[in-house]
Every structure is written in C-alpha cells, then in structure tokens.
Enquirer: 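I am attaching a structure below and will ask some questions about it afterwards.
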2 protein chains.
Amino acid sequence: MATGRTHRPATRSRGIPEATVARLPLYLRALTALSERSVPTVSSEELATAAGVNSAKLRKDFSYLGSYGTRGVGYDVEYLVYQISRELGLTQDWPVVIVGIGNLGAALANYGGFASRGFRVAALIDADPTMAGKPVAGIPVQHTDELEKIITDNGVSIGVIATPAGAAQQVCDRLVAAGITSILNFAPTVLSVPDGVDVRKVDLSIELQILAFHEQRKAGEDVAVPEEGAAAAVPPPPVAPHRAPPGATAADSGRQGPDGDVPAVMPA
Amino acid sequence: MATGRTHRPATRSRGIPEATVARLPLYLRALTALSERSVPTVSSEELATAAGVNSAKLRKDFSYLGSYGTRGVGYDVEYLVYQISRELGLTQDWPVVIVGIGNLGAALANYGGFASRGFRVAALIDADPTMAGKPVAGIPVQHTDELEKIITDNGVSIGVIATPAGAAQQVCDRLVAAGITSILNFAPTVLSVPDGVDVRKVDLSIELQILAFHEQRKAGEDVAVPEEGAAAAVPPPPVAPHRAPPGATAADSGRQGPDGDVPAVMPA
DNA sequence: CCCTGTGAAGATCTTCACAGCA
DNA sequence: TGCTGTGAAGATCTTCACAGGG
C-alpha cells in the first residue's frame, strides 16, 4: 500500500516496443565495431549475426525507427550508428553517480564501457567516512552526506546503486528525493519508487540460478523423470496447510542456511 | 555459418515457461526473507508485493510447478522455498569457475549471494602470470594454463567470464572444450557456442542505455516532438546508399570516439 | 535478382475474472 | 468467506513469407 509503484517503465514509450529498445544497444555495439573497421554497409543478415539475433527480428526492429536501409544493398553503418545513438539518447551526455563503492562499485567506476556510450561518472558516493577523499578510478569518493548536493549541482538524473541490500531502499529514497529519475540497481532487493522513476535491476545470483535450472534439465535428460518419488530423505509434507514444521525442511543439503539475500559483502 | 548457435536455452525446458523460470529466483529471495522472519504462510498477494510482481502472475507461475498452496489460506513458506529450490536445481551444489580476475572478477568472487544459493566458487582463473597464487576472496588465483585441469578435476559445469571483450570468445571456447555447458558472460561480446551450451549475458552498458532511452523520453515529453528537424549541425544524409562519408558523421558530440566495446579495463 | 520493409500468422506472456476447495 | 488455481481474453513479441524498390 505505502510502497508505491515498482519496476518497469510501463508500456512502450512512443511506438518502439520495449523488446526492440532492449536490443538497440546490441545493434549499436555491433555497428560500432564495423565502423571501426571502416565497413561502409551491412546487410540485415550480417548485422544480425554480429549482434546475435536473427535477421527478421533485426529488420522488424529497424522498421520501428524508420526506413534507414537501402533495398538491394543494406544499411549504411555510420548513418545507422547515428540514428540508433540518437534514438537511445546517446547523443547527449549523461552524468551518473555510483553509490556504494565496494568491490562492485569500484569495478563499475573503472568500467570503460560507460564513457564510450555517453555516460560520465560524475561522482562516487559511499557511506564509509574513511573512504571519503580516496580516489577510485581517478575520482575521489565523497561521503553520503553530500549526496543531495552532488546530484543537484551536477544535474544528475541517473543513479547506480551498488550498496549492500540493507541500505539500498534508503539510498534509493534519497536519490529520488534529490531528483534522480532512473536507477540501475545492483542490490538484491525490490526497490519501491514513485511513478515516473525507472528502475532496472541486475542480479548476478538470479542469472546463475536460471543457468542452474537449465543445467539441471540437461543432466536429468537421460535419468528418466526424477519428478516426485526420488529424494527419499528430505521432501517435506506435500500438504501441510497450517503451521508446517518451521525447523528443518529446507536446511537439508547444508546450503540455504543463515544468509538470505541481505548479508553479502557486495551485492552484484 | 561456422559460428554455431548463440544464446537462449531454446524453447522451454519441460513445461515451465522461460518467463516463469526467470522469476522463480525472485520469489525464492522473497520467501527466504520471510522464512528468516519465521513467517509460516503468505498469500499470493503478499508474496507478489514482496517480489515486485502482481499476484495473478505469481499464481500463474506457481501453477506450473504444481498446486502447492492451500485455498483460503495461502502458501506454506518453508514448503515453497523447498519446492522452488528443487525446481531451480539449487538443492545440489554447483561448482563455478570465474575467469578474468580484474575489478569485476574480484567483485564476483567476493559476492556473498553465490554460496547462499548453492553456488561454490571452485576456482579463480586469470591470464596474468603475476596474479597466480595471489588470494582473492580467500581463493588463490590460478593461471589460465590450468583451466582444463581445474574444470575436469572439479567437475565444473558453470563458468563465469569476466575477461576483457577481446579474450572472451577464446576463453569461452576453452571452457566449452573442457566440458562447461553453462556460461554467464560479462564481456561485451556475442559468444558463439555449440548447441547444448547455454549462455546468459550481463552487460551494464546495455542497462544504462535502456535507462537513457526512457530518460530522454521523459525530458522530451513537453518539448514537442524533436523527431527530425532539430539538431541542425549533425544529422547525416538521410539517403546515402553507396559509400557514405566514412570520416565524421558519428563523432560529433565528442563521444562514441575511439573505444568501441573491446577496450574497457573491465567488462561489466 | 538482392535485400529491405512489413502485413499476417504464430508463439509467448500477461491479465482478467471466476469456479471451486478449505 | 478467503484465497488458490486456471480457462479464456488480451497484449506483446517473434517468425514467416513476400511485395516492391534499387
């Protein structure tokens, strides 16, 4: 009730489908590589392969941007790089602040892919007083107390949260209150933000879990169907509506123990 | 042609939709938090809020796993934690190797969310000889030469690539040849892998670009439609089929310069 | 002919809304 | 009566397949 909206930039922005927007950076990357090799034009087939998608999808995606290709020839690399950059809003400079300078925050600060796309790390912020002043990636870390001032003075609208899960929501609230309207969240928590603020999350743990799911399927492909029936020592009661034994049950294999998602040294 | 398949685990595995699989980790995280607070049961509404989705979607997702709830009551937290963990394959231990111990690789090695989900960092591998033996997150870094042996000896099936883009495909090929069948790629490159190998990618730069796209829209909401017509100094020829001026064109705003996607100190 | 641009079909995913069990 | 489980409708996304310009 009091937590407001969450995630997703809602529907599509103008007429470009979200799925297409999510792929534009992929095309841009492939095109930039071609541009550097001075390749003048590419066919949808070639570019699609370079970007890791199929050509029909790519052509459909580009059709939302306009008719930037030439039938019988392909697309002009430089021109397309410009058009996509413009569409993504990369023809302008985006100051960004990174909050939480632990292992991950430092890695992000050092990440070269930022500057190359128009993103400029305007400031690094951390709650640890002893970090203040210390340079990371050539930028001096500033204390959380300065957060509001930093954002206002630099006109920052995009913030990156790389703090432990426990501090994420609080940092998020301050960022939003200070004027931030886009957040990239690396902390393993669901952030509550008011309407109008976009949040995108990156959770390493989730990606690995998805891989594990498929990996498990591969292994079990020949082992019949270990559906129900196998595991003879753990499976808890299939029907335990009221008060299920809170003790054991999930603490079997010696994992999933006391850690949840908030501890972690650095959320990734 | 010679690059083989890429990305995506193909269709769905058994009957669980990919979209649902991708959300199971979210539910698991929320459930784990409830479990730690000793909450016995939750309604789809409460759990949905905690996970950041709507209840209808959550119930539909759970319906693919089976009927684990109790009408009129809700879901037993412990039981659901177990069922989802089992479904995701987290009731077993997954040894993982991280290749490329730069800023990012180190951050990943230190990430606590791994162990808490059944993932065990079996080894850290780096191509820099001077790194060999140095402990990161308590684990001594090993040289790339040992890659095959490490994977074989530890029965590793999941690998994380955190190398610069230029080394990614080569590392990927070695991992696959050594037996790895699931890869989490942080390098900004499209990896080519044979059928049967899953690749999931995480690209920070892409997430920021998507945020920039929406951010741009917000700002322009009141500024009419700066479609075509504005920007009077840059927009390249709308129709330049053959040989477009390879010189300028995209090197306007002083960004997008000589960097592409391969340089970066550490791919994130 | 080659390759783009796109209507239409097909596949997925999401949301609705309510039957039905506890 | 409360809340799950789910058929069906609706919204998106993907893929097909071909019209049509160069």
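These values consider heavy atoms only, across backbone and side chains, with no hydrogens, waters or symmetry-generated copies. Chain letters run A, B, ... following the sequence lines, proteins first, then strands; residues in each count from 1.
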Enquirer: With sequence neighbours left out, what residues match Ala50(B) under side chain to side chain contact (heavy atoms under 4.5 Å, CB included)?
Expert: Ala30(B)
Enquirer: Partners of Ser55(A) by side chain to side chain contact (heavy atoms under 4.5 Å, CB included), sequence neighbours excluded?
Expert: Ser44(A), Glu45(A), Ala48(A), Arg59(A)
Enquirer: Rounded to the nearest angstrom, tell me the gap between atom CG in Leu47(A) and atom C1' in dC3(C).
Expert: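 One finds 14 Å between C1' of dC3(C) and CG of Leu47(A), rounded.
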Enquirer: Write down the distance between CZ (Phe62(B)) and P (dT14(C)), rounded to a whole number of angstrom.
Expert: 14 Å
Enquirer: To the nearest Å, how far apart are Leu58(B) CG and dT4(D) C1'?
Expert: 11 Å
Enquirer: Output the rounded distance in Å from CG (Leu65(B)) to P (dT6(D)).
Expert: 11 Å
Enquirer: Taking only residues two or more places apart in sequence, or in another chain, which ones meet Ser157(A) in a side chain to side chain donor-acceptor pair (under 3.5 Å)?
Expert: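 Counting only residues at least two positions away or on another chain, Ser157(A) forms no side chain to side chain donor-acceptor pair (under 3.5 Å).
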Enquirer: Assert yes or no for the condition that the ring centre distance of Tyr82(B) to Tyr79(B) is strictly below 6.0 Å.
Expert: no
Enquirer: Choosing from dC13(D), dG5(C), dT4(D), which nucleotide comes nearest the side chain of Pro17(A)?
Expert: dC13(D)
Enquirer: Can you tell me if Tyr75(A) touches the phosphate of dG5(C), counting only side-chain N or O atoms and a distance under 4.0 Å to OP1 or OP2?
Expert: yes
Enquirer: Summarise how protein sits on nucleotides 15-20 of chain D as a single string, 5' to 3': B when a protein heavy atom is under 4.0 Å from the base, S for sugar-phosphate-only contact, - for no contact.
Expert: B-B-BB
Enquirer: Taking side chain to side chain contact (heavy atoms under 4.5 Å, CB included) as the test, write out the residues that go with Asp173(B), two or more places apart.
Expert: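 For Asp173(B), the residues satisfying side chain to side chain contact (heavy atoms under 4.5 Å, CB included) (neighbours in sequence not counted) are Gln169(B).
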Enquirer: Output the rounded distance in Å from CD1 (Ile16(A)) to P (dT12(D)).
Expert: 15 Å
Enquirer: With sequence neighbours excluded, give me every ring-ring contact (aromatic ring centres under 6.0 Å, His included) pair touching residues 15-47 of chain A.
Expert: Tyr27(A)-Phe62(A)
Enquirer: May I have the distance from Asp61(B) (atom CG) to dT14(C) (atom C1'), rounded to whole angstrom?
Expert: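 Spelled out: CG on Asp61(B) to C1' on dT14(C) is 10 Å.
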Enquirer: Using every non-hydrogen atom in the two residues, find where Ile206(A) and Arg29(B) come nearest and quote the distance to one decimal.
Expert: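 Here Ile206(A) and Arg29(B) meet closest at CD1-NH2, 4.0 Å.
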Enquirer: Between C1' on dT12(D) and CZ on Arg23(A), what's the gap in Å once rounded to a whole number?
Expert: 11 Å
Enquirer: Would you mind telling me which of dA22(C), dT4(C), dT6(D) lies closest to the side-chain atoms of Thr70(B)?
Expert: dA22(C)
Enquirer: Atom OH of Tyr64(B) to atom C1' of dT4(D): distance rounded to whole Å?
Expert: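 My rounded result for the distance is 15 Å.
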